Amino acid sequence: MNDKMKLGLIAAISIIALFVLSLWITTTPDNVDNSVRFGVLTLLPPLVAIGLAFITKETVLSLFIGVFVGEFMLSVNDVNIISTAVNAFLNLGSQVISCMADPWNAGIILQCLLIGGVIQLITKMGGAKALADAFAKRADTPRKAQLFTWVLGLCVFFDDYANSLIVGPIMRPVMDKLRVSREKLAFVVDATAAPVAGIAIISTWIGLEISLIASGFQSVGVANATGFGIFLQTIPYRFYNIFILIFIVISAITLYEFGPMKKAEQAARKRKEGEKVVVPEAPGFDEVKPVEGIKLSVWNAIIPILTLIVGALIAFYWSGYTAILAGEDQALITLMHNSPLSFNGIFEALAASDASIALFQAALLASIVAIVMAVGERILTIEDAISEWIGGMKTIVITGVILLLAWSLGGVIGEVGTADYLVGVLSGSIPAWIVPTLIFILGALISFATGTAYGTMSILMPLAIPLGWAVSSGDMSFTVVCTSGVLTGAIFGDHCSPISDTTILSSMGTSCNHIDHVQTQIYYAIFVACVAIFAGYIPAGLGVPWFISLVVGVIVMFVGLKILGEKVDFDEVEEASS
């Protein structure tokens with residue numbers, strides 16, 4: 001079959017599918033909520049986007065079609081698919097523009113662009129190579145390199161976006177030199193992003209988390225419960241977050257891998273020393289080289305990166321500080337006037353901060369510092385420095401496109417009622433001990449389908465806390481476990497989803513093909529999630545103490561990796577290839 005016949009067949013099937021979809025929707029009542037009107041069809045937009053992404057490996061095209069299908073469903077008035085398709089296309093454009101106009105989204109895209117510029121300047125100044133060489137002297141084996149990446153990920157604890165964009169570019173040259181696959185690097189970076197930020201007591205996540213927790217417990221009449229206090233109680237029950245971080249260490253130390261990751265690691269080990277890594281359709285900075293003849297210095301990387309990190313923390317604080325003073329909460333205003341730098345003062349300021357603005361401000365400051373350093377050290381002229389800075393932004397443009405389409409898909413999914421449908425289907429009459437597990441699974445499904453942990457938490461928390469409280473007859477400890485299930489399930493689904501912004505940024509930061517990253521990571525994420533369910537949430541629902549679950553879970557992960565996996569070592573690969 002030639003290409004014209006294939007294209008014609010695809011077009012014919014698409015037209016028939018759209019006609020059937022229109023016919024189905026026109027038979028449903030139009031005066032009810034969309035989650036009821038569309039029913040199981042609410043799953044269609046995310047399933048189309050995710051399924052096509054895996055089949056075609058074309059992320060942009062898959063997301064575009066997923067958004068179009070959702071807009072088509074919302075535009076159906078009759079069986080005239082031509083007018084419906086035209087309206088759907090017009091609404092798609094409006095949806096993308098609306099996402100771009102959102103201040104949070106705009107701030108995220110701008111800070112990604114600016115950080116891309118900073119990374120390119122650091123590379124041209126030789127800072128990235130000098131830093132990679134310095135790390136390579138200490139992280140001189142695949143084990144050490146993976147553990148070093150893990151430690152760096154823990155250090156950038158305050159924001160998952162910053163983690164992906166800082167740790168990935170720093171460790172990529174080290175991993176390439178040691179013949180560790182880009183897929184494994186992307187997994188370690190992604191697994192230390194949201195799972196760390198989600199349990200850190202100072203992060204860009206905690207404000208939303210504690211506000212949702214406080215509202216949920218107020219709804220069941222527990223007025224004296226503080227959101228932060230309950231947040232701290234949930235940490236031992238964040239089984240997926242904790243297990244995925246421990247799994248990285250176990251895998252790094254044993255060098256055991258399974259599934260597609262094993263194949264990726266075996267292929268990476270077979271590379272000849274010094275051989276260039278070529279990753280198709282992977283955004284990154286692989287082609288950028290230091291200016292010839294310059295003296296390499298780690299400070300050309302350390303100073304801009306520290307400026308970014310310290311600047312972000314200061315910007316977080318200032319953003320929250322000014323927001324509190326401009327608000328109406330007199331207790332917080334008094335706290336800021338009397339003890340602005342106390343633990344409570346810093347915590348409240350960070351919780352009230354606008355992360356997108358703060359990260360943009362920090363990235364802009366780091367950009368200025370990098371440009372000044374490049375010009376001051378006479379590595380680049382002012383014109384060349386600005387040109388390289390802009391060139392780095394161009395590398396990130398494809399990431400911005402993917403993020404916009406992912407956010408647009410999330411908006412369409414919200415309109416068709418995917419999350420509400422899943423909640424309605426899966427929250428029926430159930431025994432109490434299974435409730436934490438069900439909440440974890442429900443959070444994972446919603447987050448995977450929508451690509452947003454924040455949105456999942458916002459949707460599910462108002463249901464989960466009253467449900468846990470009711471089935472346990474007001475048992476506080478049991479309800480805390482259910483609360484943990486929401487927070488952890490949302491992160492697990494977000495970690496797996498190919499339309500998640502943190503998954504996209506981890507691919508970009510490590511210059512790994514996005515679909516390759518998703519396909520290799522999902523096996524590990526599901527394995528750890530199963531351990532979290534059977535060693536964590538089911539026992540916790542039955543009243544087993546959390547520390548027993550943690551010990552059992554670690555043992556199960558170690559044994560499971562040994563059974564499912566195979567050691568990927570230098571000597572073994574070299575012997576096999578020879």
Side-chain angles (χ1 to χ4, degrees), residues 154 157 191 194-201 203 205-206 209-210 212-214 216-217 220 222 224-250 430-444 457 460-461 463-493 495 524-563:
L154 296 182
F157 60 85
V196 172
I199 57 176
I201 62 173
S203 74
W205 288 59
I206 194 168
E209 290 175 315
I210 62 175
L212 291 173
I213 291 171
F217 276 91
V220 296
V222 187
N224 61 344
T226 63
F228 183 61
I230 295 172
F231 170 86
L232 293 177
Q233 293 179 51
T234 66
I235 290 178
Y237 297 100
R238 304 285 196 94
F239 294 116
Y240 178 78
N241 300 48
I242 296 170
F243 286 153
I244 196 72
L245 293 174
I246 297 174
F247 178 81
I248 295 171
V249 176
I250 296 173
I430 46 177
W433 62 270
I434 201 66
V435 169
T437 300
L438 178 65
I439 290 173
F440 173 82
I441 294 173
L442 184 56
M457 293 175 186
L460 197 53
M461 193 69 80
L463 169 73
I465 292 177
L467 179 62
W469 187 263
V471 300
S472 66
S473 302
D475 186 329
M476 189 68 175
S477 298
F478 183 87
T479 311
V480 166
V481 177
C482 294
T483 305
S484 170
V486 176
L487 303 174
T488 312
I491 288 175
F492 162 57
H495 193 197
Y524 285 1
I526 291 175
F527 171 71
V528 174
C530 290
V531 175
I533 289 172
F534 291 104
Y537 285 109
I538 290 179
L542 295 170
V544 176
W546 60 266
F547 51 86
I548 295 178
S549 293
L550 291 181
V551 172
V552 172
V554 172
I555 295 172
V556 170
M557 284 193 297
F558 180 82
V559 174
L561 185 58
K562 287 284 188 176
I563 294 173

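Starting from 1, each residue takes its place in the sequence as its number. All values reported here derive from a predicted model rather than from experimental measurement.
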How about W469 and C482: do any of their side-chain heavy atoms sit closer than 4.5 Å?
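Heavy-atom side-chain distance check fails, nothing below 4.5 Å.
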Min side-chain heavy-atom separation Y524-H495 under 4.5 Å
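Side chain of Y524 against side chain of H495, heavy atoms only: no contact under 4.5 Å found.
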Take I526 and F492 through the test side-chain contact (heavy atoms from CB on, under 4.5 Å) and record every step on the way to the result.
CA-CA 8 Å; I526 291 175; F492 162 57; 4.3 Å; yes
How many angstroms lie between atom [atom1] of [X] and atom [atom2] of [Y], to the nearest 0.5 angstrom?
X	Y	atom1	atom2	value
N241	T488	CG	OG1	5.0 Å
S472	W433	OG	CH2	16.0 Å
L232	I213	CG	CD1	9.0 Å
I199	L245	CD1	CG	6.0 Å
M461	T483	CE	OG1	5.5 Å
I533	T437	CD1	OG1	6.0 Å

Aromatic ring pairing Y237/F239, orientation class (parallel under 30°, perpendicular over 60°, tilted between):
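Perpendicular, since the angle between the ring planes exceeds 60°.
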For residues 539-549, run the donor-acceptor check on the side chains, cut-off 3.5 Å, and write out each pair with its distance to 0.1 Å, sequence neighbours left out.
| residue | atom | partner | partner atom | Å |
| --- | --- | --- | --- | --- |
| S549 | OG | A535 | O | 3.0 |

Working note: V481 + I439, criterion side-chain contact (heavy atoms from CB on, under 4.5 Å); need CA distance, chi angles, decisive distance, verdict.
CA-CA 10 Å; V481 177; I439 290 173; over 6 Å; no
What are the two closest heavy atoms between I491 and G198, and how far apart are they?
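Of all heavy-atom pairs spanning I491 and G198, the closest is CD1-CA, 3.9 Å.
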Look only at the side chain of T479 and the backbone of D475, and say whether a donor-acceptor pair between them is shorter than 3.5 Å.
yes
Using the rule given for side-chain contact (heavy atoms from CB on, under 4.5 Å), can you reason through V471 versus F478, listing the C-alpha separation, both sets of side-chain angles and the distance that settles it, and then say yes or no?
CA-CA 9 Å; V471 300; F478 183 87; 3.7 Å; yes
Considering residues at least two apart in sequence or located in another chain, which fulfil the side chain to side chain donor-acceptor pair (under 3.5 Å) criterion with T234?
R238
Show me the donor-acceptor pairs, under 3.5 Å and distance only, between side chains in residues 550-562 and residues at least two apart or in other chains.
none

Can you check whether F527 and F247 have ring centres sitting under 6.0 Å from each other?
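Ring-ring flag for F527/F247: true, centres closer than 6.0 Å.
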